[in-house]
Amino acid sequence: MKNLIRLTDYSVKDIYEIFCIADEIKMGKHSEILKEKSAILFFPNSSIRTRVTFEKGIHLLSGQSILFPTDALDKKEDIKDVCGYLNNWADIVIVRHNNIDILETIAEYSKVPVINAMTDINHPCEVLSDLYALSKIRNNFLEDKYLFCGKKGNIGLAWKEAADVMEFDLEQCCGKGYEIEGIITHDNIAIAIKGKDIICTDSLPSNIIDDFKNCQITKSIMDMANKGAILNPCPPFYRGEEVSDDVIQSKYFVGYEFKKCLLNVQQAVMVYCLTR
């Protein structure tokens, strides 16, 4: 078995294997891999896209979902004792929790695969899904130039994990003080956008929006990127904040279509973790 906690635990070969499994799932394979098996999920009530696609994906793989709120992991009971009991019944555990240390503890004591459905410092399934979607529409998505617009947080750090593994070129545009270590950063979008192919964004807390006033993605800004460039904002995105309304209405926006891939990629992650 294998876990997915951080993308940097994986190799390029591992990621391409997941992509191949996603292709196989689209062709109808693996449809009974979770037959008579139970997936234990810990999700907050606010989760929409990740939870819907995991639960639907489990159902389509013939499995049973058993859902708990994330705060069920924040009780006084020791996590290793929670795992001691879940090991009797669970076949896979999927967790969305702010603290990645909780996931690493679960992975340490779990006898079944553990999958990270988002923490405060990364979101591996989301970025894997986006890379898979890119692989279907770009001639060579690893040679594209990537720009992340947003603060240092789970989405930007997840893109940094992916760039470290897949070795593609990633830069950041952000207000001063929100930089991700280890990549080139800019504080002016008109400069940052030049020469870029794939533009990704993350939403901003209300109290720091003014710090990013020179980083908003608009249609006129996208016109300055490389020919064929695309905009892939991480949902939820907010029109008039990190992105303008006109760019969401433009040919550059691929968000809805890209997120279709969450279903098959998260299914592929489950199959990969169960069988490798």
Side-chain angles (χ1 to χ4, degrees), residues 6-8 10-23 26 122-174 179-203 215-235 237 242-244 247-248 250-262 264-265 268-269:
R6 303 170 188 265
L7 286 178
T8 45
Y10 279 35
S11 67
V12 175
K13 180 177 178 291
D14 294 329
I15 291 172
Y16 276 121
E17 271 197 71
I18 290 170
F19 290 178
C20 287
I21 294 169
D23 289 340
K26 287 182 176 181
N122 65 356
H123 199 347
C125 292
E126 183 90 10
V127 171
L128 278 179
S129 173
D130 287 345
L131 290 172
Y132 176 76
L134 284 166
S135 75
K136 299 302 181 186
I137 67 168
R138 307 294 296 187
N139 290 332
N140 189 336
F141 71 104
L142 296 182
E143 291 184 1
D144 283 330
K145 304 296 184 184
Y146 291 68
L147 178 66
F148 170 72
C149 297
K151 65 180 177 64
K152 178 183 176 181
N154 58 356
I155 301 303
L157 291 170
W159 278 108
K160 174 66 163 55
E161 284 185 14
D164 287 344
V165 175
M166 305 294 277
E167 297 184 341
F168 56 79
D169 186 274
L170 174 69
E171 298 182 10
Q172 180 189 16
C173 185
C174 63
E179 298 87 355
I180 298 169
E181 295 84 0
I183 61 175
I184 294 171
T185 60
H186 309 268
D187 60 9
N188 187 316
I189 191 60
I191 295 171
I193 199 78
K194 292 179 181 177
K196 303 304 189 298
D197 302 290
I198 313 298
I199 291 78
C200 308
T201 69
D202 190 15
S203 57
C215 303
Q216 188 189 58
I217 303 294
T218 64
K219 183 179 179 300
S220 61
I221 287 293
M222 285 298 301
D223 290 339
M224 299 166 64
N226 284 349
K227 183 178 179 180
I230 63 172
L231 171 65
N232 177 40
C234 180
F237 59 80
E242 77 276 18
V243 291
S244 65
V247 79
I248 297 300
S250 75
K251 64 181 180 181
Y252 298 113
F253 173 67
V254 297
Y256 307 144
E257 196 66 24
F258 264 39
K259 287 300 170 271
K260 284 183 181 179
C261 295
L262 266 177
N264 293 138
V265 170
V269 168

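- Contact of the P233 side chain with the I248 side chain is registered, since non-hydrogen atoms from C-beta on lie closer than 4.5 Å.
- Interatomic distance, SG of C215 versus CD1 of I193, reported as 11.0 Å (0.5 Å rounding).
- For the pair A158 and V127, the tightest heavy-atom approach, listed with the atom from each and the gap, is CB-CG2, 3.5 Å.
- To the nearest 0.5 Å, the span separating CD1 on I183 from CD on Q172 amounts to 5.0 Å.
- With hydrogens and angles disregarded, no donor-acceptor distance shorter than 3.5 Å links the side chain of N122 to the backbone of P124.
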E242 and D202: CA distance, side-chain angles, deciding distance, side-chain contact (heavy atoms from CB on, under 4.5 Å) verdict: CA-CA 7 Å; E242 77 276 18; D202 190 15; over 6 Å; no
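- N232 contributes no side-chain N or O that, together with a main-chain N or O of C200, makes up a donor-acceptor pair within less than 3.5 Å.
- In the displayed structure, I137 atom CD1 is contacted under 6.0 Å by more than 12 heavy atoms of other residues, nucleotides or ligands.
- The shortest side-chain heavy-atom distance between L231 and T201 falls under the 4.5 Å cut-off.
- When all heavy atoms of E167 and D164 are compared, the closest pair comes out as CG-O, 4.0 Å.
- Between F141 and F19, the ring-plane angle classifies as tilted under the 30° and 60° cut-offs.
- With rounding to the nearest 0.5 angstrom, the SG atom of C261 is 5.0 Å from the NZ atom of K26.
- With E179 contributing its side chain and K152 its backbone, the two residues share no donor-acceptor pair below 3.5 Å.
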side-chain contact (heavy atoms from CB on, under 4.5 Å) between L134 and I230, intermediate numbers included: CA-CA 10 Å; L134 284 166; I230 63 172; 3.4 Å; yes
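- Contact check for V165 versus E161: no side-chain heavy atoms found under the 4.5 Å cut-off.
- In this structure, K136 places its NZ atom where more than 12 heavy-atom neighbours from other residues, nucleotides or ligands lie under 6.0 Å away.
- The NZ atom of K145 sits 4.0 Å away from the CG atom of D169 when rounded to the nearest 0.5 Å.
- For the pair L147/I189, a side-chain contact is recorded, criterion being any heavy-atom separation below 4.5 Å from C-beta on.
- Side chains of D14 and S11: a donor-acceptor N/O pair is present below 3.5 angstrom, by distance only.
- To the nearest 0.5 Å, atoms OH (Y146) and CD1 (I198) are separated by 5.0 Å.
- With rounding to the nearest 0.5 Å, the separation of CZ in F253 from CZ in F258 is 10.5 Å.
- Of all non-hydrogen atoms in Q216 and I221, the two that sit nearest each other are O-CG1, 4.1 Å.
- Shortest non-hydrogen contact noted between A229 and Y252 is O-CD2, 3.3 Å.
- In N140, the CG atom is crowded: over 12 heavy atoms of neighbouring residues, nucleotides or ligands sit closer than 6.0 Å.
- Side-chain contact between L131 and W159: present, with at least one pair of heavy atoms (C-beta onward) separated by less than 4.5 Å.
- Contact annotation: the side chain of K260 approaches that of E257 to within less than 4.5 Å [non-hydrogen atoms, C-beta and beyond].
- With respect to E143 and R138, no salt bridge is recorded, no charged nitrogen being found less than 4.0 Å from a carboxylate O.
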Stepwise side-chain contact (heavy atoms from CB on, under 4.5 Å) check, F168 with D144: CA-CA 7 Å; F168 56 79; D144 283 330; over 6 Å; no
Audit row: L157, I180, side-chain contact (heavy atoms from CB on, under 4.5 Å) steps and yes/no: CA-CA 7 Å; L157 291 170; I180 298 169; 3.9 Å; yes
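- Formation of a donor-acceptor pair under 3.5 Å by the E126 side chain with backbone atoms of C234 is not found in this model.
- Among all heavy-atom pairs drawn from G150 and C174, the shortest one is O-CB, 3.3 Å.
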